[in-house]
Every structure is written in structure tokens, then in C-alpha cells.
Colleague: 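First, the structure itself, so that you have it in front of you.
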Amino acid sequence: MLEQATLTQLEEWMAAHDMGGHWQLDPEALYTGAPLTAVQPHVWRWAEVWEAVQGAGALVPLDVAERRSVRLLNPGLARQGRRFTAQTMQLSVTIVKPGEAARAHRHTPAAYRFIVQGSGGYTTVEGQQCRMEAGDLILTPAWTWHNHANDGDEPIVWLDGLDHPLVTLLQLNMFEPYPADAQPIERGSDEVAALYGTARPAVAPGTVQPDYYHYRWRDTYPALRALAARGEFASAYDGIRLEYRNPQTGGPTLPTMSHALQWLRPGESTRAHRHLSTTIYHVVRGRGHTRIGDEEFEWSQGDSFVVPIWQPHAHTIRAPGEDAILFSVDDAPVARAFGLYREEAC
Ligand SMILES: [Fe+2]
Ligand SMILES: [Fe+2]
């Protein structure tokens, strides 16, 4: 009967019966030559983030909130009602004051923390106590038990990153509280790090090396310095770049996210490139500029900024004699897992 109807009547009938035509889709979104993303390039200024973090520290009790984090929200995603830093990754900033503890739990989103300031606290991941120092990277992979405590005498501030937006999109979110406030401590990072040195244990049947959760600034910074001093392996697009690796696999730190530390030398001006991954940067030290698309963004210590997928970007250090160190996280492992990853010079 619909054969005699008009196209509008057909479409209305289909809509009423939970169907739609491929011809009704937006061809610009469907046959696009470049990924369409709602994520917009953006810089979160440390002065403003710090205001919010201090406010949260004073006003949000940790025994009520599961975690006390200030979430960085991308204005482009927010316009679509999605409150994340990027389409796959969330970045937040957490403060834990002396004497405070954040209770143990686990969840399907994987997380990491990068310590911005303070020492004297720790995160326990699957029984491993990771004592925090500024610049340390600590992983809590999917479904690993973790809890935090500050037994020092100064507040600890860290970046809290998760693949929560991606896991939410996949409708894979699960959360479980630990039966006690804290896990028992079974070993420390020093014991685990020793097992991943130049001499490694000959694995006996039935035993495995513990997973690697704690990348310490005291190891990564000298490696970055040594690389910079030798001037070898400099990338035209990234300067001196060190990727954190999973020592068991040689692959990225997490199945969904990869972390890096990069040194931009005085006067450095990198070439522009773009890739099928999104990167969130945090300025550990120094100041500079990043051109993203047609726009120039200035940044300095403590700022965080996002480079959306496939946007051409290049970094410049203008101040004479100054250098900069950037910590970054990207979602390239996701595109690589699907065989979709690409990058090219612009
Ligand atoms: Fe958590
Ligand atoms: Fe890049």
C-alpha cells in the first residue's frame, strides 16, 4: 500500500514503526573526508583550576564524596550535553589533604594519576603501595582495586585521568566498593621496580611478575634529560619524546591510553602534523605556544590543553633560553587496536 504513498508518508510510516531510511541520514556527516569531532581545542588555566581545587578542598568532605576531583569539561562537548574533557578521555584534578583517605574501590574504566605537587601520600593498587612524588605516573588499570591516603603533612594534588567517556559510550561501566576502607599493603613499588630492572626473575612455574603500576619521576626525568642531552631520537613533530611503556608487553601503558613526556628545547619550533587520536597535554614546566588548526594557544606551567582528533598542531618555544616539559595522554591505542590509526605531516 505504501507503494502508492508519497515519500513523506513512507518516512512517517517508517518512523512510527521504528525504522528509518539510509537516505535520511546527513550526507555531510556520513561521507566526510575528515573525522567530525565536537571536541574543541581548549586550554584550562592553572590559576583557575587551582582556585576550583582549593575551593573543593575546603567545601567537599572526602568522607561523603567517593573522590574529590575537579573535572575539566570541553566547551564543544558541553554544547552537546556531554560533560567530558574529550570524547574518549576525562581529565580531572584531585586534592587530598594531610590525614585524609579516599576509600578503596574498583571500576571498569581504567585510570591513571600524574602527581602535580606534594609528597607523603600513596595510592595502593592491588596491594602495591605506590608512594607519591611530584612527576610520578601511577596506573590503575580496569577493574584493579585502588585507594589513596595522605599520611604526610602537605596537600597532594594530582591529575586524575580516565577512559570513562569511552567506557560509557560502550555501556561497559561497572563499579564495586571494596569491603573495607583500605586494602592491605602487600608490597611497595621499590620491590616491584627491582623485578623489572636489567636482571629479571626467571619465572618459576605458577608464578608471574606483578603488574607494573608506578612510573617514577626519579626514573623518567633522568631518561628524558639523557635523551635531550644526546640530541638523538628528536622528533620533528614532538621534540624529545619519551613514551611510557608497559614493561611486560612493550606496548602502551593501558589498552585505551598511552602516556608520554616530552621536552621542547629552547627556541624549538616543531613541524605540524595530525593524527587519528586525541591528545591531552599538561604543562609540567615552562611556557610556550601550540598552534591547533588555525588558532594559536599560549600555555604555561600547570595549564592543561586538548588537541582534538586530526587537527594539525605544532609547538613553539619562543622565550630565549627557556625550555618546556609536557606530560601527555592520548587515545591512539584505541584506533590502533581497530587498525584505524593514521598520522601525517601537514
Ligand atoms: Fe577510582
Ligand atoms: Fe601530535
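Numbering of ligands and ligand atoms starts at 1, following listing order. For reference, positions follow the sequence shown, starting with 1.
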Colleague: Asp160 pairs by side-chain hydrogen bond (donor to acceptor under 3.5 Å, both in side chains) with which of His148, Arg113, Arg71?
Modeller: Arg113
Colleague: Can you check the angle at the Fe ion (ligand 2) formed by NE2 of His273 and NE2 of His275? Round it to the nearest 10°.
Modeller: 100°
Colleague: How wide is the angle at the Fe ion (ligand 1) between NE2 of His105 and NE2 of His107, to the nearest 10°?
Modeller: 100°
Colleague: Among the N, O or S atoms that His313 has, which is closest to the Fe ion (ligand 2)?
Modeller: NE2
Colleague: With ring pair (Phe, Tyr, Trp, His ring centres under 6.0 Å) as the test, would you mind laying out the steps for His164 and Phe84 before giving the verdict?
Modeller: CA-CA 9 Å; His164 170 232; Phe84 299 122; 5.6 Å; yes
Colleague: Knowing that exactly one of His313, Arg342, Glu343 qualifies, which makes a side-chain hydrogen bond (donor to acceptor under 3.5 Å, both in side chains) with His275?
Modeller: His313
Colleague: State plainly whether the residues Arg218 and Asp190 are in salt-bridge range, i.e. N to O under 4.0 Å.
Modeller: yes
